[in-house]
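Heads up, the thing below is written out as structure tokens.
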Amino acid sequence: MDIQIGKGKSARRAYGIDEIALVPGLRTLDPSLADTRWTIGGIEREIPIIASAMDGVVDVRMAVALSELGALGVLNLEGVQTRYDDPNAVLDRIASVEKHEFVPLMQELYAEPIKPALIERRIQEIKQQGGIAAVSATPAGASRFGQTVAKAGADLFFVQATVVSTAHLSPESITPLDLADFCQEMPIPVILGNCVTYDVALNLMKAGASGVLVGIGPGAACTSRGVLGVGVPQATAIADCAAARDDYHRETGNYVPIIADGGLITGGDICKCIACGADGVMIGSPFARAAEAPGRGYHWGMATPSPVLPRGTRIRVGTTGTLREILRGPAKLDDGTHNFLGALQTSMGTLGAKDIREMQQVEVIIAPSLLTEGKVYQKAQQLGMGK
């Protein structure tokens, strides 16, 4: 139901992940029976979690390790890994500067040109170690480096920007990337994003997307919502885009997975995204806390290095455990940020969902008090859900 903001302007109520809760049904099942497998671009994974294409989250080593653990990591092709032959010194500088020095430093470091030879090398390094080579670029980067990526033998190509649409207007001097042509011409699956509405998600599927990323501005290090005022809370955005997926599947028989991207910190967040209709999730800051992460305990957004309007900041996330502990456990923390697979399996067991498709059908309620009700002592002592 629309709400009137004032004469001449009405609005639809939208909901964030923190405002909803999942309701147990008539049955439960042992968590060991919960099937969490999903498929993206023809690649099946046990865990429906993707590590974000951010320089503080995924490098070659992380991409390989995530693959070995049953998940997936995406390498940013417009970051330090493809600008510098040895990015370690650069990452050390990023982690060491003071807050007020961060944005100028990033603008300096990311002014170094991207080197196609390094794109090929990074992809080959991942594949030589048995990892899944999933890579990401902006639409402009995809136009420039698409053939390089294909030649190097990448497995998946994520084309990402704050907002991606099939109807993009550019100055006469610039030829925009035709997403439909790009998807058709690339010999590997292309995942497109980001979007937050039914119509745009549907158009991206019609353009040939093998997956659609959902989320604008909810990321831990992203400031797009504050800088631009743009975004839709994740629960509503996921549900709208999932409806597009289901309609497209009914019309064409082609199932295009929806990936909730950004703002997800705990196992409960992941479970709620899937219950809203997502097939998988993309997360950044929780993986930036892994001992193996390249960010040295820091996390920053992809749009941070912009020379004109940075939309992101560097946040200190610390190091809380190994990648295995964060992804598969055993959990060392009590706040839901370790053992994501165990959390998903246990939630599915509690809700009686045998697989991801059944998890997408569970009852969801509006529950703004879900994370605060009865948690006085946790909040006062900064334990568990009170941290």
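Hydrogens, waters and symmetry mates play no part in the numbers below; they use all other heavy atoms, side chains included. For reference, positions follow the sequence shown, starting with 1.
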* Evaluate side-chain contact (heavy atoms from CB on, under 4.5 Å) for E78 paired with T138, printing each intermediate quantity in order. => CA-CA 8 Å; E78 297 178 56; T138 62; 2.8 Å; yes
Within the side chain of [X], is there an N or O that forms a donor-acceptor pair under 3.5 Å with the backbone of [Y]?
X    : Y    : value
R37  : E44  : no
R122 : L77  : no
Q129 : E125 : yes
K115 : R83  : yes
E19  : G16  : yes
N194 : G215 : yes
T252 : N254 : yes
D269 : T266 : yes

* To do: For side chain to side chain donor-acceptor pair (under 3.5 Å), just list the numbers for E46 and T36, CA-CA rounded to whole Å, side-chain angles, deciding distance to a tenth of an Å, and then say yes or no.
  => CA-CA 6 Å; E46 179 190 1; T36 60; 5.0 Å; no
Does [atom1] in [X] sit with more than 12 non-hydrogen atoms of other residues, nucleotides or ligands closer than 6.0 Å?
X    : atom1 : result
R357 : CZ    : yes
R324 : CZ    : no
E112 : CD    : yes

For [X] and [Y], work out which heavy atoms get closest and say how close.
X    : Y    : result
M186 : A150 : CE-CB, 4.2 Å
L177 : P139 : CD2-O, 3.5 Å
A242 : C276 : CB-O, 4.2 Å
S52  : D261 : OG-OD1, 4.2 Å
T148 : P116 : CG2-O, 3.7 Å
I20  : A235 : CD1-CB, 4.1 Å

Does any donor atom in the side chain of [X] or [Y] lie under 3.5 Å from an acceptor atom in the other side chain?
X    : Y    : value
T197 : D199 : no
Q360 : D279 : yes
S10  : Q4   : no

Can you tell me how far apart [atom1] ([X]) and [atom2] ([Y]) are? Round to the nearest 0.5 Å.
X    : Y    : atom1 : atom2 : answer
S143 : L179 : OG    : CG    : 10.5 Å
L351 : C271 : CG    : SG    : 8.0 Å
N339 : L333 : CG    : CG    : 11.5 Å
Q361 : D355 : CD    : CG    : 9.5 Å
K332 : I326 : NZ    : CD1   : 10.5 Å
S210 : I43  : OG    : CD1   : 10.0 Å

* Asked: Would L264 and F340 satisfy side-chain contact (heavy atoms from CB on, under 4.5 Å), going step by step from the backbone distance to the final call?
  -> CA-CA 11 Å; L264 313 179; F340 289 146; over 6 Å; no
Which pairs would a plain distance check flag for residues 341-348, meaning a side-chain donor or acceptor within less than 3.5 Å of a matching protein atom at least two apart in sequence or in another chain?
residue: T346; atom: OG1; partner: G342; partner atom: O; Å: 2.8

Taking the side chain as every heavy atom from C-beta outward, state whether [X] and [Y] have any pair of such atoms under 4.5 Å apart.
X    : Y    : result
P48  : I274 : yes
V196 : D240 : no
M282 : L213 : yes
L66  : L327 : yes
L22  : E363 : no
F158 : V190 : no
I40  : I191 : yes
I50  : V74  : yes

Side-chain donor-acceptor contacts of residues 94-102 below 3.5 Å, not counting sequence neighbours, with atom names and distances?
residue: S96; atom: OG; partner: D92; partner atom: O; Å: 3.2
residue: S96; atom: OG; partner: R93; partner atom: O; Å: 3.0
residue: E101; atom: OE1; partner: E98; partner atom: N; Å: 2.9

* Evaluate salt bridge (charged side-chain N to carboxylate O under 4.0 Å, His left out) for E325 paired with R328, printing each intermediate quantity in order. => CA-CA 5 Å; E325 288 166 345; R328 304 186 73 108; over 6 Å; no
* Report the C-alpha separation of R289 and T319 in whole Å, then their side-chain angles, then the decisive distance to 0.1 Å, and conclude whether the side-chain contact (heavy atoms from CB on, under 4.5 Å) test is met. => CA-CA 4 Å; R289 304 171 84 192; T319 300; 5.9 Å; no
* Asked: When the ring centroid of Y248 is compared with that of Y255, is the distance short of 6.0 Å?
  ->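 Not close enough - the centres of the two rings lie 6.0 Å or further apart.
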* **Trace of the side-chain contact (heavy atoms from CB on, under 4.5 Å) decision for L192 with C183** => CA-CA 9 Å; L192 300 176; C183 290; 4.0 Å; yes
Please answer: with hydrophobic residues joined when any side-chain heavy atoms are less than 4.5 Å apart, are [X] and [Y] in the same cluster?
X    : Y    : answer
I119 : M54  : yes
I366 : V364 : yes
M106 : V90  : yes
V57  : I47  : yes
I114 : V159 : yes

* Asked: Among I188, L72, I132, V135, which one satisfies side chain to side chain contact (heavy atoms under 4.5 Å, CB included) with D155?
  ->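 For D155, the side chain to side chain contact (heavy atoms under 4.5 Å, CB included) check succeeds only for I132.
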* Asked: After noting the C-alpha distance and the side-chain angles of Y110 and D55, does the key distance pass the side chain to side chain donor-acceptor pair (under 3.5 Å) rule?
  -> CA-CA 11 Å; Y110 284 76; D55 281 349; 2.4 Å; yes
* Asked: R121 and D85: salt bridge (charged side-chain N to carboxylate O under 4.0 Å, His left out), yes or no, with the steps?
  -> CA-CA 10 Å; R121 187 194 302 178; D85 186 66; 2.5 Å; yes
* Asked: Within 45° of the six-membered ring axis of Y15 and under 6.0 Å from that ring's centre, is NZ or CZ of R13 located there?
  ->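 Yes - R13 lies over the ring of Y15, closer than 6.0 Å to its centre and within 45° of its axis.
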* Asked: Stepwise, does the side chain to side chain donor-acceptor pair (under 3.5 Å) test hold for Y198 with R245?
  -> CA-CA 9 Å; Y198 174 99; R245 174 204 59 209; over 6 Å; no
